[in-house]
Amino acid sequence: KEFRNNVKPNWCPGCGDFSVQASIQRAAANVGLEPDNLAVVSGIGCSGRISGYINSYGLHGIHGRSLPIAQGVKMANRDLTVIASGGDGDGFAIGLGHTIHAIRRNIDITYIVMDNQIYGLTKGQTSPRSDVGFKTKSTPQGSVESALSVMEMALTAGGTFVAQSFSSDLKELTSLIEQGIQHKGFSLINVFSPCVTYNKVNTYDWFKENLVKLSDVEGYDPSNKEMAMQTLMQNKGLVTGLIYQNKEQKSYQELISGYSEEPLVESDLQLEKDQFEKLVAEFM
Ligand code: SF4
């Protein structure tokens, strides 16, 4: 079960994305997957490169569109474990519509967002996750827009597995990815993954000082949605751990009728050669 390949990541030394990559690799091995059971689909951004750094099926897609592609992969081959991934700009700006609808659809894939609160690949602009007052080249006088509260948004959109972690906490992050893979439905894991090159505010030290681990909160119950929302609001969203899980809600695949028992990729389309060629020509 070797999920490492020989491609050397070209992230900056110290980038949080290294730990996210390692956590995905460990989690996949821990839940007993083989490389050909896993597909990793990513969007555009520094973090989007991750699909090329894991020994599995991989697809580096287009900006903000990792989720439509990942959902298509899962619908075509239910036997694959599918992980979608990308950054906060990818998933919470250009891709936000897809994110919300994938959450409410509850399709059985895991979405891991590497949230560094900035656009790193394009050299440091304010993102939807940047805080008010955050200064970058695109907001030289400080951002006047409030940061998107993504965990609260996921709860109100009907999320059945909502979690958050910190890239430095490999143990917690790996465990959450394992739980997300095993969850029967859509799992969203937002990971604070510092950009050491362009974000000089939300640093490793800043997160260590400001994050609250839910495992340290006495009586916290991740099956209680009201408690989840209150805890997020009380801590300005700066919590890590399993925030909410609904194990009762059926997944999209379980609810739609006619979803084949066998993976679509293995079904016999019974197309004649000319019919097949005509179909292919439509996409050319
Ligand atoms: Fe990571 Fe930031 Fe470097 Fe991109 S620019 S690789 S996000 S540290």
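Here the structure is a predicted model, which means the values were calculated and not measured. Sequence positions, counted from 1, serve as the residue numbers for this chain. Ligands are counted one by one from 1 in listed order, and the atoms in each one are counted from 1 as well.
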Report summary line: In short, salt bridge (Lys or Arg N to Asp or Glu O under 4.0 Å) pairs touching residues 86-115 with sequence neighbours left out are Asp115-Arg129
Query raised in the report: What's the shortest heavy-atom distance between Asn116 and Asn199, and which atoms?
Result: O-ND2, 3.0 Å
Report task. Tell me yes or no: between the side chains of Thr126 and Thr136, is some donor less than 3.5 Å from an acceptor? Result -> yes
Query - Other residues, nucleotides, ligands: >12 heavy atoms within 6.0 Å of Glu145 CD - result: no
Report summary line: The complete set of salt bridge (Lys or Arg N to Asp or Glu O under 4.0 Å) pairs with one or both residues in residues 215-230, sequence neighbours excluded, reads none
Query - Pairs meeting criterion ring-ring contact (aromatic ring centres under 6.0 Å, His included) with involvement of residues 156-197, two or more places apart - result: Phe161-His183, Phe166-Phe207, Phe192-Phe207
Query raised in the report: Which protein atoms of type N, O or S are found under 2.8 Å from atom 4 (Fe) of ligand 1?
Result: Cys46 SG
Requested in this report: Would you mind running through ligand 1 and noting each atom that sits below 4.0 Å from a heavy atom of Val196?
Outcome: 8 (S)
